[in-house]
Amino acid sequence: MTPAEAFAAIPLAAVCCDSNFDREEAHILKDQLIHRSPYRAMTPVAFAELIDGLLRLFRRDHWQELIRQAAPALTAAQQEVAFGLAAQLVFCDRVVKPEEETFLTTLGSELSLPPGRAAQIQEVFALLQRDVLAGEAGA
């Protein structure tokens, strides 16, 4: 697996781990990837082919094998950002399902993150997704 495939595979696995690939998650995934190297230099067809190939791997091997293959292809810094993207996608709908919790726990153990770093990243995204103005007048 190339670093470009591996980096995209991790957040893609995050959106697929609960067997519900919704529109909001797909939009965030695409938006986060196409503004980064090397994806921004890809044609729309090449980007779609990359995602389609990863989806085929996901369907064949499931998310656990996808992240096992992806992790060694990434540097420590790339792993940290990929984990952040995965956490962002898990928290984007403000509902973290048990399957998504399992995914993040497993992903954190597969990656070479410093102790406690995965928990810090998750805390940040949980904080950012709180709907603190719900129910407020004028909200």
Side-chain angles (χ1 to χ4, degrees):
M1 189 173 285
T2 68
E5 291 168 328
F7 189 83
I10 290 174
L12 179 70
V15 298
C16 295
C17 73
D18 65 352
S19 301
N20 183 24
F21 190 25
D22 72 30
R23 190 174 299 216
E24 184 176 10
E25 291 171 331
H27 175 73
I28 292 170
L29 173 65
K30 181 181 177 187
D31 189 55
Q32 286 296 319
L33 292 177
I34 63 171
H35 292 99
R36 298 172 188 272
S37 297
Y39 315 103
R40 70 173 161 241
M42 292 180 169
T43 66
V45 170
F47 183 78
E49 288 173 352
L50 172 77
I51 298 300
D52 286 345
L54 292 171
L55 284 169
R56 278 193 299 278
L57 286 173
F58 169 77
R59 286 185 204 108
R60 186 187 75 203
D61 298 332
H62 207 44
W63 63 262
Q64 292 93 337
E65 184 60 27
L66 194 59
I67 63 172
R68 277 190 209 106
Q69 291 179 31
L74 300 173
T75 66
Q78 292 165 341
Q79 288 181 12
E80 183 177 53
V81 174
F83 185 87
L85 290 176
Q88 179 184 17
L89 288 160
V90 165
F91 284 93
C92 75
D93 62 0
R94 295 182 181 85
V95 177
V96 179
K97 299 174 187 161
E99 304 96 309
E100 293 170 322
E101 288 178 12
T102 299
F103 170 80
L104 288 174
T105 300
T106 303
L107 179 61
S109 67
E110 288 285 331
L111 299 177
S112 302
L113 299 176
R117 186 67 173 146
Q120 288 175 332
I121 293 168
Q122 289 180 64
E123 287 173 21
V124 168
F125 283 107
L127 172 77
L128 292 174
Q129 292 304 328
R130 284 187 203 146
D131 196 4
V132 296
L133 297 177
E136 292 290 316

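Owing to the predicted nature of the structure, the values given are computational and were not obtained by experimental measurement.
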Does the side chain of [Y] come within less than 4.5 Å of [X]'s, by heavy atoms?
X	Y	result
Phe91	Leu104	yes
Ile67	Phe103	yes
Asp61	Gln69	yes
Leu74	Phe7	yes
Leu85	Arg36	yes

With rounding to the nearest 0.5 Å, note down the distance linking [atom1] in [X] to [atom2] in [Y].
X	Y	atom1	atom2	answer
Leu111	Gln78	CG	CD	11.5 Å
Ile10	Leu54	CD1	CG	10.5 Å
Leu57	Leu12	CG	CG	9.5 Å
Arg68	Trp63	CZ	CH2	8.0 Å
Met1	Leu66	CE	CG	5.0 Å
Gln120	Leu113	CD	CG	10.0 Å

Exercise for review: Report yes or no: does Tyr39 contribute a side-chain atom to a donor-acceptor pair with the main-chain N or O of Lys30 at less than 3.5 Å?
Suggested key: no
**Study point:** Expected output: side-chain Gln79 to main-chain Ala71 donor-acceptor under 3.5 Å
**Key:** yes
Check your understanding: At their closest point, which heavy atom of Glu100 faces which heavy atom of Val95, and how far apart are they?
Key -> OE1-O, 3.2 Å
